[in-house]
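What follows is one structure encoded as structure tokens, with my remarks underneath.
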Amino acid sequence: MQAPAGVPREFFARDATELAPLLLGAVIRHTTNQGTVAVRLSELEAYRGNGEDPGSHAHRGVTPRTRVMFGPPAHLYAYFSYGMHVCANIVCAPDGQAAGLLLRGGEVVQGVELARVRRPTASTDRDLARGPARLAAALGIRLAQSGADLLAPPFTLELPAQPAAVATTARTGVGGEGGGVAFPWRFYIPGDPTVSPYKRHPKLAP
DNA sequence: CGCACGATTTGCT
DNA sequence: GCAAATCGTGCGA
């Protein structure tokens, strides 16, 4: 549509750790028959598909679920976790390479009312999209939408007007080999109240 | 075909 | 602060 000078797909055809800082502060928008919800991203986590990243779903190679991560960039990779949660990723890296950015936190900047309906348990607006499963729920993303193009309806992706401040730590939910100082691939905007509260990896320094 | 586990959230003590 | 809830996915037999 009319994405004014929309973000070219090639912009996403780079490594996850390189793309993450550029997407902090970006706005992702999802429109359904219920309405539109937009979230400004404040926290991301990078995953690679190569054998080098034990924490990645694509670590073991291509499977029916993860094949989206190996596909062209700027697509949605959604997965189901703990029997109750859906989490959303932005696929990046060139076609054929598996990499993704897990959307871990953000601020609802449009469609707050609809987001509240989708997340009745959120006590404050700040909590609407603070956390991976919360963010996906607020946007109304479902499992079946995995593989959808994020640069075409019903999605919209806008880059930040100016680069956001960036801080990095170890990945939050990844234990064992994938966690720790070897993979400081959690990117967030320091001081942003919508950064997820989930406990940090135990072994890490404050 | 069956089993073990997870890129988490929520609610109660 | 801690433990339960819950089911799709992927691996082993």
Side-chain angles (χ1 to χ4, degrees), chain A residues 15-17 19-20 23-24 28 39 41-71 73 75-93 97-108 115-147 150 168-188 193-204 206:
Chain A
D15 187 79
T17 57
L19 183 63
L23 285 187
L24 284 176
I28 182 173
V39 171
L41 304 175
S42 65
E43 182 181 359
L44 300 166
E45 230 167 59
Y47 289 88
R48 279 185 194 160
N50 312 331
E52 298 181 6
D53 184 359
S56 172
H57 286 170
H59 176 225
R60 300 259 186 185
V62 186
T63 67
R65 176 178 61 150
T66 60
R67 77 178 175 284
V68 187
M69 284 183 75
F70 292 84
H75 282 242
L76 177 70
Y77 167 52
Y79 70 91
F80 198 76
S81 183
Y82 287 86
M84 53 185 92
H85 303 302
V86 174
C87 300
N89 297 247
I90 298 176
V91 174
C92 52
Q97 276 184 50
L101 289 171
L102 171 65
L103 311 183
R104 289 199 52 88
E107 171 196 6
V108 176
R116 280 211 195 99
V117 172
R118 287 168 174 164
R119 301 220 50 249
T121 57
S123 51
T124 67
D125 287 358
R126 190 186 89 158
D127 281 348
L128 284 175
R130 187 171 61 138
R134 296 171 173 185
L135 194 155
L139 279 176
I141 290 179
R142 300 174 307 169
L143 253 194
Q145 295 189 274
S146 189
L150 291 176
T168 68
T169 67
R171 292 182 294 190
T172 301
V174 183
E177 302 285 314
V181 290
F183 298 92
W185 290 353
R186 175 175 176 244
F187 302 80
Y188 64 96
T194 59
V195 172
S196 77
Y198 193 72
K199 57 188 175 191
R200 296 184 168 84
H201 201 76
K203 271 294 183 186
L204 277 178

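The basis for the numbers below is simple: all heavy atoms, side chains too, and nothing from hydrogens, waters or symmetry mates. Chain letters run A, B, ... following the sequence lines, proteins first and then strands; every chain starts at 1.
Annotation for A/Arg65: atom CZ counts as buried by contact number, over 12 foreign heavy atoms lying within 6.0 Å. Shown here is A/Arg118, whose CZ atom has more than 12 heavy atoms of other residues, nucleotides or ligands within 6.0 Å.
With hydrogens and angles disregarded, no donor-acceptor distance shorter than 3.5 Å links the side chain of A/Arg186 to the backbone of A/Thr172. Side-chain N or O atoms of A/Thr66 include none that pairs as donor or acceptor with a backbone N or O of A/Met69 at under 3.5 Å. Side chain of A/Arg134 to main chain of A/Arg130: a donor-acceptor pair is present (N/O by atom type, distance under 3.5 Å, no hydrogens or angles). Put simply, the side chain of A/Ser56 never gets that close to the backbone of A/Tyr47: no donor and acceptor are under 3.5 Å apart.
Atom pair A/Arg142:CZ and C/dC7:C1' shows a separation of 18 Å (rounding to whole Å applied). Remark: P of B/dC5 and OH of A/Tyr79 are 18 Å apart, rounded to the nearest angstrom. Taking atom OH of residue A/Tyr77 and atom P of nucleotide B/dA7, one finds them 9 Å apart after rounding to whole Å. Between A/Arg48 atom CZ and B/dA7 atom C1' there is a gap of 16 Å when expressed in whole angstrom units. Protein atom CG of A/Leu103 is 12 Å distant from nucleotide atom P of B/dT9, rounded to whole Å. What separates CZ of A/Arg104 from P of B/dA7 is a distance of 11 Å, to the nearest Å. Rounded to whole Å, the distance from NE2 on A/His85 to C1' on C/dA5 is 8 Å. Rounded to a whole Å, the OH atom of A/Tyr82 is 6 Å from the P atom of B/dT8.
Using a 4.0 Å cut-off, no side-chain N or O of A/Arg119 falls inside it from OP1 or OP2 of B/dT9. Taking side-chain N and O atoms only, A/Thr121 has a distance below 4.0 Å to OP1 or OP2 of B/dT10.
For the pair A/Tyr47 and B/dA7, the ring geometry qualifies as stacking, because the centroid separation is below 5.5 Å while the planes lie within an angle under 30°.
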Next on the checklist: Let's go through A/Leu103 and A/Leu44 carefully: what are the C-alpha distance in whole Å and the side-chain angles of both, what is the deciding distance for side-chain contact (heavy atoms from CB on, under 4.5 Å) to 0.1 Å, and is it a yes or a no?
Outcome noted: CA-CA 5 Å; A/Leu103 311 183; A/Leu44 300 166; 3.5 Å; yes

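Salt bridge A/Arg171/A/Glu45: absent, no basic N to carboxylate O contact under 4.0 Å.
Contact record, A/Arg104 with A/Leu135: C-CD1, 4.3 Å, taken as the closest heavy-atom pair. Across every non-hydrogen atom of A/Thr17 and A/Phe187, the tightest pair is O-CZ, 3.7 Å. Among all heavy-atom pairs drawn from A/Glu52 and A/Phe183, the shortest one is O-CZ, 3.1 Å.
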Next on the checklist: Pairs counted only when both distances fall under 3.5 Å, Watson-Crick or G-U: show me the 5' to 3' dot-bracket for DNA chain C, [ ] for pseudoknotted crossings and | for other-strand partners.
Outcome noted: |||||.||||||.

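Taken residue by residue, residues 126-133 of chain A places heavy atoms nearer than 4.0 Å to DNA chain B at A/Gly131, A/Pro132, A/Ala133.
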Please tabulate, one pair per line, each protein N/O and nucleotide N/O from nucleotides 9-13 of chain C that are separated by under 3.5 Å, including the distance.
{"residue": "C/dT9", "atom": "O3'", "partner": "A/Arg65", "partner atom": "NE", "Å": "3.1"}
{"residue": "C/dG10", "atom": "OP1", "partner": "A/Thr63", "partner atom": "OG1", "Å": "2.3"}
{"residue": "C/dG10", "atom": "OP1", "partner": "A/Arg65", "partner atom": "NE", "Å": "3.4"}

